[in-house]
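One structure below.
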Amino acid sequence: MTERPEGSNHAPGGRVRERWINLALSAAGLLSLMLLWWFASRTTTFVPSISDVIAAVPAFLDDEDIWPDVVATVRRVFGALAIAMVAGLAAAYVMARGGLWGQVVDRYVSLMLGIPSTIAALLALFIFKRSEIGVYFVVAIITFPFVALILLQGLRTADRHLDEMSDVYRLPATTHLRHISVPHLVPYTFAALRNEYAHAWKVVVLAELFAVNTGMGARFARAFDRFLLVDAMLWLLVFMIILLGTEYLLLLPVERRVLRWRESGAATP
């Protein structure tokens, strides 16, 4: 009879325990945030109380004018992030190949890493005026260097023996791409996507403050300028709920499903 690896019987229990620990830590973080909010509302005049914000939620959600701005921001985040992922992959491939163009792209990526988001947003305002293209431009140039560095790490850690084996067996380029290159880069792609997803949200909201008159960032700035503190807090909560909700309910489940072959392979004796 085949023996199971040591500790394999405890693997499911360990995963369940880890999930409960993560849930407890998340609940503790949320509770501490609520306590901090309560304390700030009691000790300052510019932070609305939790009860005031909760009381304003029904009227806020019934306002049909908020949803076009929410949709506009979500569209900009996903669109600009898609551009950044494609540009980052292209830059990583060129840098991994080396040569003159690899050095040129490497210097350009290093330069882009040092540009503050505020400066990029103001630059987009000067170049594109109040065009929506400026928002996509800002998010793409700010996030794509980080994507490029993560994917470059994936390209540099690829198993060259597998490439040599595919050359020996004369595998077609499509087969090599499907069974060797893509499976190796998928974890790095998800790592880059998750790392830059929250970053893209913050940059989009910042760009909307300067470059356009629509979106969640513009609505937040409008509420803040008019000293509508409850509305400003509501927009901040909408921002956090959408950001965390899409990450934990969309990105993480998709990542687990796509990478489930790694867990099954690791569990095989």
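Side chains are part of it too, since the values below use all heavy atoms of this structure and drop only hydrogens, waters and symmetry mates.
Counting heavy atoms from C-beta on, the side chains of Val258 and Glu255 never come closer than 4.5 Å. Counting heavy atoms from C-beta outward, Tyr197 and Trp201 have side chains that approach closer than 4.5 Å. At least one side-chain heavy atom of Leu122 sits less than 4.5 Å from a side-chain heavy atom of Phe210. Looking only at side-chain heavy atoms (C-beta outward), Ile21 and Arg17 come within less than 4.5 Å of each other. Using a 4.5 Å cut-off on side-chain heavy atoms (C-beta onward), Arg42 and Trp38 make contact. Counting only heavy atoms from C-beta outward, the side chains of Val53 and Leu237 approach each other to under 4.5 Å. Taking 4.5 Å as the limit, some side-chain heavy atom of Phe146 sits within range of a side-chain heavy atom of Leu113. Put simply, the side chain of Met240 reaches to within 4.5 Å of the side chain of Leu33, judged on heavy atoms.
A donor-acceptor pair under 3.5 Å links the side-chain atoms of Asn195 to the main chain of Ala191, judged by distance alone. Although no hydrogens or angles enter the test, the distance criterion places no donor-acceptor pair under 3.5 Å between the side chain of His199 and the main chain of Thr143. In this structure, the side chain of Arg222 engages the main chain of Asn213 through a donor-acceptor pair within 3.5 Å. Distance alone, capped at 3.5 Å, places no donor-acceptor pair between the Ser131 side chain and the Gly134 backbone.
Counting all heavy atoms, side chain and backbone alike, Ile115 lies closest to Ile142 at O-CD1, 3.6 Å. Listed here is the closest heavy atom pair of Pro145 and Ala140: CD-O, 4.4 Å. The minimum heavy-atom distance linking Ala91 with Phe144 is given by the pair CB-CE1, 3.9 Å. Considering every non-hydrogen atom in both Gly88 and Val147, the closest pair reads CA-CG1, 4.1 Å. Minimum interatomic distance between Ala232 and Ala223 (heavy atoms only, all atoms of both residues): N-CB, 3.8 Å. Residues Leu209 and Ala221 share a closest heavy-atom pair of CD2-CB, 3.3 Å.
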Test side-chain contact (heavy atoms from CB on, under 4.5 Å) applied to Met112 and Val109, step by step: CA-CA 5 Å; Met112 290 296 101; Val109 169; 5.7 Å; no
With side-chain contact (heavy atoms from CB on, under 4.5 Å) as the criterion, how do Met216 and Phe220 come out once you've worked through the C-alpha distance, each side chain's angles and the decisive distance to 0.1 Å? CA-CA 6 Å; Met216 295 169 58; Phe220 180 85; over 6 Å; no
Criterion side-chain contact (heavy atoms from CB on, under 4.5 Å) on Val135 and Val212, from CA distance to verdict: CA-CA 8 Å; Val135 179; Val212 292; 3.8 Å; yes
Determine whether Asp69 and Thr73 satisfy the following criterion, side-chain contact (heavy atoms from CB on, under 4.5 Å), listing intermediate values before the conclusion. CA-CA 6 Å; Asp69 291 302; Thr73 299; 5.6 Å; no
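The aromatic rings of Tyr188 and His184 are tilted relative to each other, their planes meeting at an angle between 30° and 60°.
Summarising the local packing, CD1 of Ile127 is surrounded by more than 12 heavy atoms from other residues, nucleotides or ligands at distances under 6.0 Å. Heavy atoms of other residues, nucleotides or ligands lying less than 6.0 angstrom from CZ of Phe60 number more than 12.
Connectivity analysis of hydrophobic side chains (ILVMFWY, heavy atoms under 4.5 Å, direct or indirect) links Leu228 to nothing; its cluster partners are none.
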Show which side-chain atoms of residues 74-86 pair as donor or acceptor with protein atoms under 3.5 Å away, not counting sequence neighbours.
{"residue": "Arg75", "atom": "NH2", "partner": "Glu132", "partner atom": "OE2", "Å": "2.9"}
{"residue": "Arg76", "atom": "NE", "partner": "Glu132", "partner atom": "OE2", "Å": "3.3"}
{"residue": "Arg76", "atom": "NH1", "partner": "Glu208", "partner atom": "OE2", "Å": "2.7"}
{"residue": "Arg76", "atom": "NH1", "partner": "Thr214", "partner atom": "O", "Å": "3.1"}
{"residue": "Arg76", "atom": "NH2", "partner": "Thr214", "partner atom": "OG1", "Å": "2.6"}

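If you chain together hydrophobic residues whose side chains sit under 4.5 Å apart, Phe239 and Ile50 fall into the same group. Both Val230 and Trp235 sit in one connected hydrophobic cluster of ILVMFWY residues. Membership requires side-chain heavy atoms under 4.5 Å apart, directly or through other members. A continuous path of Ile, Leu, Val, Met, Phe, Trp and Tyr side chains, each step under 4.5 Å between heavy atoms, connects Phe39 with Val47, placing both in one hydrophobic cluster. Connection of Val205 to Ile241 is not established within any shared hydrophobic cluster, with ILVMFWY side chains joined at heavy-atom distances below 4.5 Å, either directly or through further cluster members. Linking ILVMFWY side-chain heavy atoms closer than 4.5 Å, directly or via other members, places Leu244 and Leu251 in two distinct hydrophobic clusters.
Once rounded to the nearest 0.5 Å, the distance linking CZ of Phe46 with OG of Ser41 reads 11.0 Å. Expressed to the nearest 0.5 Å, how far CG of Leu206 lies from OG1 of Thr118 amounts to 4.5 Å. The CG atom of Leu236 lies 12.0 Å from the CG atom of Leu229; values are rounded to the nearest 0.5 Å. Distance check: Arg156 CZ to Leu151 CG gives 12.0 Å after rounding to the nearest 0.5 Å.
Shown here are the ring-ring contact (aromatic ring centres under 6.0 Å, His included) partners of Phe190, two or more places apart in sequence or in another chain: there are none.
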